[in-house]
Amino acid sequence: MSNQAPNEARVIPLRPAAAPGPAPARTDAPARAPQLRPRPVLAPRQAQPAPAPASAPASKEPLWRDLVGDVLRRERLAQERTLKDVADAARISMPYLSELERGRKEASSEVLAAAARALGLGLTDLLSLAQDELTRLAQVRPGRSRATSAPRYDGMCLAA
């Protein structure tokens, strides 16, 4: 049987009890309060060349979600607004907006339209700015040209 009184709760320690005696000396530096620094203004992401085999293209195509996220962040910072402010206005969560800006999530057209409206833009404005960035990055990449002489279309194409 148990040597406990019937009305007492039994406590099970999560960590083993330390042996009595002097505490071991710590070799790491004492903990300091974190230094708060102002956040820098972020420039648009540049296409990073990835190491690839010789048969692959020299640089990686930028992802649409990265371009749209860069535009969202650039517009928010230009207006000096916080993630919370824009997320509340768009009625989306702050972590989700952060993931959109970092290019971690593919947003639906409804979410993109809500985020654009919260920034005072239309969906076409947001996508046009992202297309401009894509065009700029495509012109920067050397050695890439169209194989055919097909006419160039400056229109916008959305796929669902």
Side-chain angles (χ1 to χ4, degrees), residues 14-16 24-160:
L14 296 177
R15 294 189 183 114
R26 293 183 60 174
T27 58
D28 56 341
R32 292 186 217 162
Q35 297 289 330
L36 298 178
R37 292 182 288 172
R39 288 188 176 189
V41 175
L42 300 175
R45 270 184 233 153
Q46 300 296 323
Q48 301 281 335
S55 63
S59 65
K60 210 166 124 179
E61 290 281 338
L63 296 176
W64 185 248
R65 66 181 186 226
D66 288 332
L67 297 170
V68 171
D70 285 341
V71 170
L72 287 171
R73 178 166 287 182
R74 198 169 46 238
E75 288 295 317
R76 179 178 61 80
L77 292 175
Q79 297 175 16
E80 297 181 354
R81 294 175 66 185
T82 63
L83 270 171
K84 181 168 178 32
D85 178 37
V86 175
D88 288 345
R91 300 179 56 93
I92 58 179
S93 74
M94 191 173 63
Y96 188 67
L97 178 59
S98 174
E99 288 183 326
L100 289 178
E101 286 186 353
R102 291 181 289 134
R104 301 282 193 258
K105 295 286 183 185
E106 294 274 358
S108 68
S109 57
E110 291 88 359
V111 170
L112 288 177
R117 274 194 310 272
L119 292 167
L121 301 171
L123 181 59
T124 54
D125 299 325
L126 174 68
L127 298 180
S128 179
L129 289 168
Q131 179 191 14
D132 292 345
E133 183 69 14
L134 179 61
T135 303
R136 187 187 67 76
L137 289 173
Q139 291 171 350
V140 170
R141 292 179 35 203
R144 299 287 295 191
S145 63
R146 292 176 183 242
T148 65
S149 61
R152 180 163 184 240
Y153 294 99
D154 286 330
M156 186 181 312
C157 178
L158 298 176

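- The two residues A118 and A89 make their nearest non-hydrogen contact at CB-CB, 3.7 Å.
- A116 and G122 make their closest contact through CB-O, 3.7 Å (heavy atoms, listed as atom of the first residue, atom of the second, distance).
- Between the OG1 atom in T124 and the CD atom in Q131 there is a gap of 11.5 Å [rounded to 0.5 Å].
- Between E110 atom CD and L123 atom CG the span is 9.5 Å, to the nearest 0.5 Å.
- Taking OG1 of T135 as the reference point, atom CD of Q139 lies at 6.5 Å (rounded to 0.5 Å).
- Judged as a side chain to side chain contact (heavy atoms under 4.5 Å, CB included), and not counting sequence neighbours, the contacts of S98 are L83, R102.
- The side-chain hydrogen bond (donor to acceptor under 3.5 Å, both in side chains) search around Q79 returns R81, not counting sequence neighbours.
- Scanning for side-chain hydrogen bond (donor to acceptor under 3.5 Å, both in side chains) contacts around E80 gives an empty result, with sequence neighbours left out.
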#### Entry: Residues V68, L100; criterion side chain to side chain contact (heavy atoms under 4.5 Å, CB included); working and verdict
CA-CA 8 Å; V68 171; L100 289 178; over 6 Å; no

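- Between R136 and D132, none of the side-chain N atoms (NZ, or NE/NH1/NH2) sits under 4.0 Å from a carboxylate O, so this pair counts as no salt bridge.
- Nearest heavy-atom pair, A107 versus Y96, reported as atom, atom and distance to 0.1 Å: CA-OH, 3.7 Å.
- Under the 3.5 Å distance criterion, the side-chain polar atoms of R65 are left unmatched by any main-chain donor or acceptor of K105.
- Closest of all the heavy-atom pairs between A130 and L67 is O-CD1, 4.1 Å.
- Taken to the nearest 0.5 Å, the CG atom of L134 stands 7.5 Å off from the CD atom of E61.
- Closest of all the heavy-atom pairs between D66 and G103 is OD1-CA, 3.4 Å.
- Taking CG from D125 and CG from L119, the interatomic distance works out to 11.0 Å, rounded to the nearest 0.5 Å.
- Rounding to the nearest 0.5 Å places OG1 of T82 at 8.0 Å from CG of D88.
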### Criterion side chain to side chain contact (heavy atoms under 4.5 Å, CB included) on E75 and L129, from CA distance to verdict
CA-CA 10 Å; E75 288 295 317; L129 289 168; 3.9 Å; yes

